[in-house]
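For reference, the structure discussed in these notes is given below.
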Amino acid sequence: VYSGHECAEIPVGVLFCDHMQSQMPPGFEWGTEHNVPPILGRLKEAGYVLRVMAATDDTEVNIDCPGENITMTAQRGEGFIEKNVSDATWPVIVRCSEPCLVMQYNRGYRALGYNVVETKTDPYMMLVPSTKNYEYSLHFGTATYIALNRTFEFTNYLSIVAPTANVGEVRYDLQPITTAWTDLNNGYSIVSFAITPGLHNVKTNSGNVPIMGYVYGHGVQHITAYGY
């Protein structure tokens with residue numbers, strides 16, 4: 001099952017729109033704790049949008065974001081909870097009393113108005129897997145886009161989440177990570193940094209530490225973006 005939009009504005013009325021699409025996991029793969037990555041490359045004031053869907057009535061949803069910790073109640077089949085996160089550079093923790101689905105949305109290029117010079121970016125939607133879905137190794141590639149019959153690269157970023165006790169084991173393309181990790185104070189830490197175009201991998205020395213990665217990028221010469 002796929003979800004998305006042909007050309008969505010995030011939020012509605014903010015230019016520009018872009019195609020968004022993501023594969024939806026089955027309900028039994030939903031979880032109760034989600035570590036949401038920051039969106040580097042943008043001004044912090046651009047923020048981002050979270051949406052949370054519940055699989056069970058009266059699900060308590062706690063969103064721990066910069067300077068704010070809120071709890072709301074979600075009902076099964078009655079839309080979603082939406083939260084505007086004010087700081088694009090900070091991660092967020094979403095905790096649900098019952099399994100839920102979390103999506104992150106990058107805001108449109110004009111999110112801060114017409115008088116602000118921003119990164120060339122566009123809306124994208126990114127599924128945020130729960131900690132129960134973390135993997136032992138990650139293999140991924142950055143995206144490209146076609147414009148005017150030419151292929152262009154993005155400015156690409158990677159966020160990695162790993163158990164705090166094991167961050168020293170994590171390797172990016174077989175090399176230790178030198179960027180500082182941020183402790184999320186829930187047993188996990190996150191690190192984010194720019195990456196080069198191409199194919200990459202993330203794994204740990206032992207090979208049995210659950211980790212998760214998020215890849216995203218902004219346009220260089222054109223207003224576009226991607227994230228997964």
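No experiment lies behind these values; they were computed from the predicted model shown.
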Kindly say whether W30 contributes a backbone atom to a donor-acceptor pair with the side chain of N133 at under 3.5 angstrom? no
Do we see a donor-acceptor contact under 3.5 Å between the side chains of S130 and E33? no
Would you say the side chain of P163 lies within less than 4.5 Å of the side chain of V209, judging by non-hydrogen atoms? yes
Hydrophobic cluster membership, with links at side-chain heavy-atom distances under 4.5 Å among I/L/V/M/F/W/Y: are M20 and Y228 in one? no
Hydrophobic clustering (ILVMFWY, side-chain heavy atoms < 4.5 Å, transitive) - are F154 and F140 grouped together? yes
Is there a path of hydrophobic side-chain contacts, each under 4.5 Å between heavy atoms of I, L, V, M, F, W or Y residues, that connects V102 with V61? yes
Test item: I39 and Y124 side chains (from C-beta on) under 4.5 Å apart, heavy atoms: yes
Rounding to 0.5 Å, atoms CD1 (I211) and CG (N166) come to a distance of 10.5 Å
Could you check if a side-chain atom of I177 sits within less than 4.5 angstrom of a side-chain atom of I160, using non-hydrogen atoms only? yes
Are V49 and V94 connected in the hydrophobic side-chain network, where two residues link if heavy atoms are under 4.5 Å apart? no
Quick check: does any side chain N or O of H218 sit under 3.5 Å from a backbone N or O of L40, one acting as donor and the other as acceptor? yes
Give a yes or no on whether the backbone of R107 and the side-chain of R42 come within a donor-acceptor separation of less than 3.5 Å. yes
Test item: V202 and L158 side chains (from C-beta on) under 4.5 Å apart, heavy atoms: yes
Between CG of N35 and CG of L184, what distance do you get to the nearest 0.5 Å? 5.0 Å
Least distance between heavy atoms, V117 atom then L43 atom: O-CD1, 4.0 Å
Between T121 and N106: side-chain donor-acceptor atoms closer than 3.5 Å: yes
Donor-acceptor check, side chain of N62 to backbone of I70, threshold 3.5 angstrom: yes or no? yes
So among F16, Y109, Y145, which one has a ring pair (Phe, Tyr, Trp, His ring centres under 6.0 Å) with H222? Y145
Less than 6.0 Å separating the ring centroids of Y48 and Y216? no
Can you tell me how far apart CE (M103) and CZ (R51) are? Round to the nearest 0.5 Å. 9.5 Å
Is it possible for you to say whether V14 and I10 belong to one hydrophobic cluster, with membership spreading through side-chain heavy-atom contacts below 4.5 Å? no
For A54, does its backbone N or O pair with a side-chain atom of T59 as donor and acceptor, under 3.5 Å? no
Side-chain donor-acceptor pair under 3.5 Å between T224 and D122, yes or no? no
About how many Å separate CE of M126 and CG of L50, when rounded to the nearest 0.5 Å? 10.0 Å
Does the side chain to side chain contact (heavy atoms under 4.5 Å, CB included) test come out yes or no for L15 and E9, once each step is laid out? CA-CA 6 Å; L15 297 178; E9 297 173 337; 3.8 Å; yes
Only counting residues at least two apart or in another chain, list the ones meeting salt bridge (Lys or Arg N to Asp or Glu O under 4.0 Å) with E68. K83
What is the minimum heavy-atom distance between I190 and S159, and which atoms define it? CD1-CB, 4.3 Å
Any idea which heavy atoms bring T142 and P197 closest together, and the distance? OG1-CA, 3.3 Å
Should E135 and S137 be marked as a side chain to side chain contact (heavy atoms under 4.5 Å, CB included) after you check the CA-CA gap, both sets of side-chain angles, and the distance that decides it? CA-CA 6 Å; E135 301 286 349; S137 64; over 6 Å; no
Counting C-beta onward and ignoring hydrogens, is there a side-chain heavy-atom pair between L127 and Q23 closer than 4.5 Å? no
Can a donor-acceptor pair be found, under 3.5 Å and without considering hydrogens, that links the side chain of D18 to the backbone of C7? no
How about L112 and E118: do any of their side-chain heavy atoms sit closer than 4.5 Å? yes
Check step by step if side chain to side chain contact (heavy atoms under 4.5 Å, CB included) holds for R76 and T56. CA-CA 5 Å; R76 178 179 182 270; T56 306; 5.6 Å; no
Hydrogens and angles aside, do N186 and R95 bring a side-chain donor and acceptor to less than 3.5 Å of each other? no
Please name all residues satisfying salt bridge (Lys or Arg N to Asp or Glu O under 4.0 Å) with E153, sequence neighbours left out, ordered by chain then number. none
Look up atom OG1 in T182 and atom CH2 in W90, then write down how far apart they are to the nearest 0.5 Å. 6.0 Å
Just verifying a value: how many Å separate H34 NE2 and K132 NZ, rounded to the nearest 0.5 Å? 9.5 Å
State, to 0.1 Å, how close K120 and V220 come at their nearest heavy-atom pair, and which atoms those are. CD-O, 3.3 Å
Taking side chain as C-beta onward, heavy atoms only, is S206 less than 4.5 Å from Y136? no
Over all atoms of both residues, closest heavy-atom pair of G41 and Y157: CA-OH, 3.4 Å
Side chain of Y226, backbone of V215: donor and acceptor closer than 3.5 Å? no
Indicate yes or no: at least one non-hydrogen side-chain atom of E45 is less than 4.5 angstrom from one of S86. no
Determine whether L174 and N201 satisfy the following criterion, side chain to side chain contact (heavy atoms under 4.5 Å, CB included), listing intermediate values before the conclusion. CA-CA 8 Å; L174 304 181; N201 65 80; 4.3 Å; yes
Heavy-atom closest contact (N185 atom, D183 atom, distance): N-OD1, 2.8 Å
Using modelled atom types only, decide if a donor and an acceptor are shared between the side chain of T204 and the backbone of V170 within a distance under 3.5 Å. no
